[in-house]
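To keep things clear, I will list the structure first and then write my remarks on it.
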Amino acid sequence: MSSLAWEIKNAALEMGYQKCGIIKIADMAGYEQKLSERIEAFPEVRPAMEGFFRFAHLEDEFPWAKSIVVCVRHYGRYIIPKNLKGLIGKYYLFDGRLDEQTDQYQDSVRFEDYLKELGLKVATERKFGITALRWAAQQAGLGVVRKNNFLYTELGSWVNLAAWLIDRELELKAIPTLKECPEKCDLCIMACPTGSLSQPYAMNRSTCISCITTWEGWDLMRDEHRAELGRWIYGCDVCQDVCPLNHGRWQETVEYPGLSELSSLISLEKILEMDEKTLEQVLKPKFWYIKRSDNWKWKTKAINAMVNCYDDRYRQPILDACNDSHPKVREMAEWASHKLNLV
Ligand code: SF4
Ligand code: SF4
């Protein structure tokens, strides 16, 4: 086994990662089959997922790349603001992929610099990964993908993954110690509010709440899964929260930089009061999946959550939103006020 591979792993562990492995580019080939099966099961996701086939053929885009360094970082240790629980998915609350103030971002840059200092050619993609990260991590023996499609380590599914392509043929795989999901367990499937997770190891992207509340949700009022969104306005944790293999794995011991201050600015009512500038300044830096031109979606999602979990304190904000500057917000607020008999 290469001493360089061990050096790289040890450097990753010193820089804040809990696990690091290295696989060959060819180890991604099996991902093609997995992706084909997913598209076959849910043909409607083809337009959104077809581009992912490139992850199984990295040699086309990166002919110089020989191996993939995969790292795992545990985030199930941060204090979760009470008012955001069940509203915003935990992955997004503790998402430092693009936040230069966070250890996650800084360690990623430091590790990349280290790889370059070794004389390696390196490529990465900090937003969504340069390849299929869960598949790569499983190939490296760093964890196991469970029936809810999340990669688990001994610390549960609350982990971030990152990968770097390098131009040296190296391999460092761990021997997996985690068992598969119990054969009879289907708690995550039964709990999925929209039925998106309708079978083990598969999920219909287009009906997943995480997708509806970020990339999609263009016409929430008429969305067949509108009511099933409950209070979620950005992401969903249900299939991870119900998993017994996650129980006790989140220890709220560390403050996440800036989150306490940010959380004090967020509530369903406060979102409805935000003007364009505030939406951009308060929400966008952290929750960057929503484009500036789609900021109105924050308000339609907030109205939807209010309708699904109505409380009298939402009455006036909904009525006020009937005069919002954006027609989509006005339409949704008017629909909500009729549905709830507020007028
Ligand atoms: S994230 Fe939520 S909606 Fe998506 S598959 Fe899991 S439980 Fe279902
Ligand atoms: S809930 Fe059960 S089936 Fe689903 S991921 Fe957890 S252990 Fe596996």
Side-chain angles (χ1 to χ4, degrees), residues 34-35 37-39 41-45 48-49 52 72 74-76 80 84-95 128-129 132-135 137-138 142-161 176-218 220 223-250 287 289-290 297 300-301 304-305 308-309:
K34 174 76 194 162
L35 188 56
E37 286 167 9
R38 176 73 61 94
I39 291 173
F42 307 108
E44 63 271 41
V45 305
M49 299 191 77
F52 298 160
V72 177
H74 177 225
Y75 67 88
I80 308 166
L84 300 185
K85 280 185 182 172
L87 210 67
I88 296 178
K90 293 191 269 294
Y91 181 79
Y92 303 111
L93 290 176
F94 308 110
D95 179 6
F128 302 110
L133 297 174
R134 296 176 195 180
W135 179 270
Q138 180 160 270
L142 304 181
V144 56
V145 174
R146 299 207 175 281
K147 290 184 197 174
N148 61 6
N149 302 300
F150 285 90
L151 182 107
Y152 282 61
T153 70
E154 294 75 6
L155 296 167
S157 65
W158 313 114
V159 290
N160 300 120
L161 304 175
T177 53
L178 293 174
K179 292 186 182 149
E180 300 283 314
C181 287
E183 195 188 340
K184 291 196 173 145
C185 186
D186 62 357
L187 288 171
C188 51
I189 296 166
M190 298 309 286
C192 175
T194 60
S196 162
L197 184 61
S198 57
Q199 49 184 291
Y201 309 107
M203 181 267 277
N204 184 344
R205 176 193 179 277
S206 64
T207 57
C208 173
I209 293 173
S210 287
C211 190
I212 297 174
T213 54
T214 54
W215 307 120
E216 309 217 357
W218 302 109
L220 217 43
D223 192 302
E224 60 175 317
H225 299 292
R226 185 202 62 71
E228 293 153 0
L229 264 54
R231 289 182 75 236
W232 295 108
I233 57 168
Y234 196 90
C236 164
D237 286 330
V238 174
C239 58
Q240 294 180 86
D241 281 344
V242 299
C243 176
L245 298 173
N246 265 339
H247 287 177
R249 296 290 194 277
W250 193 298
F287 309 112
Y289 284 24
I290 307 283
K297 286 208 275 179
T300 53
K301 290 186 294 178
N304 186 51
N308 289 341
C309 305

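Both ligands and their constituent atoms are indexed starting at 1 by order of listing.
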Going by the closest heavy atom to atom 3 (S) of ligand 2, which one wins out of Gly156, Cys185, Pro200?
Cys185
Where Leu151 and Gly143 come nearest, the two heavy atoms and their spacing
CD1-C, 3.9 Å
Could you check atom 8 (Fe) of ligand 2 against the protein and tell me its nearest heavy-atom contact, residue, atom and distance included?
Cys181 SG, 2.3 Å
Is there a donor-acceptor contact under 3.5 Å from the side chain of Lys297 to the main chain of Trp218?
no
Using a 4.0 Å cutoff against the non-hydrogen atoms of Asn148, which atoms of ligand 2 qualify?
5 (S)
Listing request: all salt bridge (charged side-chain N to carboxylate O under 4.0 Å, His left out) pairs with a residue in residues 197-208, at least two apart in sequence or in separate chains.
Arg205-Glu216
Which atoms from ligand 2 have a heavy atom of Arg146 less than 4.0 Å away?
5 (S)
Can you say whether the rings of Trp250 and Phe94 are parallel (under 30°), tilted (30 to 60°) or perpendicular (over 60°)?
tilted
Go through Leu35 and Trp135 one step at a time and tell me if the side-chain contact (heavy atoms from CB on, under 4.5 Å) criterion holds.
CA-CA 11 Å; Leu35 188 56; Trp135 179 270; over 6 Å; no
Where do Ile189 and Leu197 come nearest, in terms of heavy atoms and distance?
CG2-O, 3.2 Å
Does Cys243 put an N, O or S atom under 2.8 Å from atom 4 (Fe) of ligand 2?
no
Ignoring water, what protein N, O or S atoms are under 2.8 Å from atom 2 (Fe) of ligand 1?
Cys236 SG
Check for me whether Leu245 has a heavy atom closer than 4.0 Å to any atom of ligand 2.
yes
Locate the shortest heavy-atom distance separating Glu228 from His225; write the atom from each residue and the value.
OE1-ND1, 2.5 Å
So, Arg146 and Asn246: side-chain donor and acceptor under 3.5 Å apart, yes or no?
no
Starting from atom 1 (S) of ligand 2, which protein heavy atom do you reach first, and at what distance in Å?
Cys188 N, 3.5 Å
Under 3.5 Å, is there a donor-acceptor pair between the Thr207 and Glu44 side chains?
no
Would you mind listing which atoms of ligand 2 come within a distance below 4.0 Å of any non-hydrogen atom of Pro244?
1 (S)
Minimal heavy-atom distance between Ile88 and Asp237, with the atoms involved, is O-OD2, 4.3 Å
